Amino acid sequence: MSDSRIAVLGVGLMGADHVARIQSRISGARVAVVNDYVTDKAEQLAASIPGCRAIVDPLDAIADPDVDAVLLATPGPTHEKQLLACLEHGKPVLCEKPLTTDVETSLAVVRREAELGVRLIQVGFMRRFDDEYVELKALIDGGELGDPLLLHCVHRNPAVPDNFDSAMTVRDSLVHEVDVTRFLLGEEVTSIQIVTPTPNPAARQGLFDPLIAILRTAGGKHVDVELFVTTGVAYEVRTELVAEKGSAMIGLDVGLVRKSAPGHWGGTITPSFKERFGRAYDMEIQRWVDAVRRGGITGTYVEGPGAWDGYAATAVCEAGVQALQSGQPVAVSMVERASIQAGWHR
Ligand code: ISE
């Protein structure tokens, strides 16, 4: 079978990382088309990859007959149109979060995919492919610790861009813990509250940082998340599960521990999500490429979180942004999954 020809739309930080990944570490795929609103960047990148072209219009890139599947790393506001185009052309698509930027358009995308009856959309929640999260999920599902009761999460970034505001902390950062909660506990999130302690003096004026998010699930489980995106230290993501018969923690960054003069003991912490979740991204893209290649036989072009998961995350984050403004718990408003189309969603 020949390699799947991928169009990567948006070749900024994440998109460029995925292009490098597909070209060097992923088997069964090659980057055939790149696109970016900064056309020079796309052209330069295309010129460095054998057999790759830059296409100026993202919709033309999706429609191109020499493109088998699409990886969307474009800005969130462009996703709705691009996802619908992928569906209309029957092209499998891996979409970096968010699915879309509001609940209505996310739901419209979920509904359109369901009408077509083929799973074509995968959402880039890469933590589901991280070894430690996979292990924690297996531990929960194995039942050894009994029923999960709580999750305590920490999500720290050393720094964020100047345009990052508190709503982005919810939509861009907390969104991962929203997905992790749904993945680990297998329940929808039904309400969210955000607490804003005294801000870090180093945080830009107006950015509430740190934030504490408190989530409640359909089964009444509690999840708290410390979000601190201006630590100035390193990238830290931890999750602790507390269950009936014990607890378990991941994300301790316990790699190699070294002792050296003068009196040093310790290891290293990853500087950003690109390093911390590098292997998870590799796994995510390889499994997606494999699913795309098998799709004609299996009837699904997705291996992992799909459009529904993207919709659910958008709905929780939308409630989260309201909760940020009101300081009160806000109920998450979502349609029943069964109302979409019985049966074919995971
Ligand atoms: C970024 O967009 C990500 O997706 C990272 O995983 C997250 O840790 C970071 O806070 C976000 O800004």
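Just so you know, ligand 1 is whichever comes first in the structure, and atom 1 is the first atom listed for that ligand. Everything quoted here is computed from the prediction, not taken from an experiment.
When only modelled atom types and interatomic distance are considered, Asp282 and Gln286 share no side-chain donor-acceptor pair under 3.5 Å. Donor-acceptor pairing under 3.5 Å is lacking for the side chains of Glu188 and Thr217.
For residues 5-45, the ring pair (Phe, Tyr, Trp, His ring centres under 6.0 Å) pairs, not counting sequence neighbours, are His18-Tyr281. The list of salt bridge (charged side-chain N to carboxylate O under 4.0 Å, His left out) pairs with a residue in residues 28-55, not counting sequence neighbours, reads Arg53-Asp64. Screening residues 165-206 for ring pair (Phe, Tyr, Trp, His ring centres under 6.0 Å) gives no qualifying pairs among residues at least two apart or on separate chains.
Taking a 6.0 Å sphere around NZ of Lys137, one finds it holds more than 12 heavy atoms contributed by other residues, nucleotides or ligands.
Pocket lining of ligand 1, defined as residues with a non-hydrogen atom under 4.0 Å away: Lys97, Met126, His155, Asn157, Phe164, Asp172, Ser173, His176, Tyr235, Phe273.
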